[in-house]
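Heads up, the thing below is written out as structure tokens.
Numbers restart at 1 for each chain; the letters A, B, ... are given by sequence-line order, proteins then strands.
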Amino acid sequence: MKIEQDYLVKFLYLVQNLISKEVKFEKVEKVNEMCGVDVAYQGEIGVAAAVCNGRERRENVVIGKVSFPYVPGLLFMREAPIMIKALENLDYDLLLVDGHGIAHPRRSGIATVIGVLLNKPTIGVAKSRLIGEEVVEGGITYIVDKGEKLGVKVGKYYYSPGNLVTLQDVLNLSEGGYPSVLREADKLSKKYKKGVNQ
DNA sequence: GCGACAG
DNA sequence: ATCTTGTCGC
């Protein structure tokens, strides 16, 4: 029972290492439609909300039981499934995910996993640091781990590439403060979680 | 062995 | 993430 857990963690680490090798760093072109996704909880029930702001606002809310526990470094196992469901039928040029991208021990945070699985440009936006140190260079605070610049910290938030974007793209986005689509997704998920029980 | 540790 | 009131400040 305990051995199974150890093997599962080892297996998931291997999967993350493979996913990190699939990441592409390319400049994002023409971001007309941007989308943000977040999850709120009411006990074991997760409420995922995706909000997109393009010519017209589009949003999805998915409610379901989330059984995988929160394990630092393995957040994708808990939230990626319901987040991906919330993203169904939505179209966007850039996706913002609540959590880290490559600023992760195995360069495979939830924004990276989702970006590789969906083959979409993604950026991870987190409220706290998972790894690395903050190094200021030329007025910019970078998230550095083992000599690698993995992302930036702007204000109280940490931004890092998920997939199909460059560090410069991340810098440009972060200059705008906390992204409205994420704020909207957060608000929407918390709004719906209240009506879960009754 | 001792901390750190996305949400 | 969530449990939780008021309170200090722009």
Going by distance alone, is a donor N or O of one side chain under 3.5 Å from an acceptor N or O of the other, for A:Asp169 and A:Thr166?
yes
Charged N-O contact under 4.0 Å between A:Arg107 and A:Asp145
yes
For A:Ile131 and B:dG7, give me the distance from atom CD1 to atom P, rounded to whole Å.
14 Å
Which whole-number value in Å describes the distance from A:Tyr158 OH to B:dA4 C1'?
13 Å
Closest nucleotide among [options] to the [X] side chain:
X	options	answer
A:Asp98	B:dG7, C:dT2, B:dA6	B:dG7
A:Lys190	B:dG7, C:dC3, C:dA1	C:dA1
A:Leu75	C:dA1, B:dC5, B:dA6	B:dA6
A:Ile110	B:dA6, B:dC5, C:dT2	B:dA6

Once you round to the nearest 0.5 Å, how far does NZ of A:Lys120 lie from OH of A:Tyr92?
5.5 Å
What base-paired stems does DNA chain C take part in, with at least 3 consecutive Watson-Crick or G-U wobble pairs and both distances under 3.5 Å?
none
Side chain of A:Asp93, backbone of A:Val31: donor and acceptor closer than 3.5 Å?
no
Is A:Tyr41 stacked on the base of C:dA1, with ring centres under 5.5 Å apart and planes under 30° apart?
no
For [X], answer base if it contacts any base atom (sugar-phosphate contacts may also be present), sugar-phosphate if it contacts only those atoms, and nothing otherwise; contact means non-hydrogen atoms under 4.0 Å.
X	answer
A:Ala40	sugar-phosphate
A:Gly73	base
A:Ile143	nothing

Think [X] has a side-chain N or O under 4.0 angstrom from the OP1 or OP2 of [N]?
X	N	result
A:Lys193	C:dT2	yes
A:Ser128	B:dC5	no
A:Arg129	B:dC5	yes

Identify the residue among A:Val116, A:Leu117, A:Asn163 that makes a side-chain contact (heavy atoms from CB on, under 4.5 Å) with A:Ile19.
A:Val116
For DNA chain B, which ranges pair as stems of 3 or more consecutive Watson-Crick or G-U pairs, with both donor-acceptor distances under 3.5 Å?
none
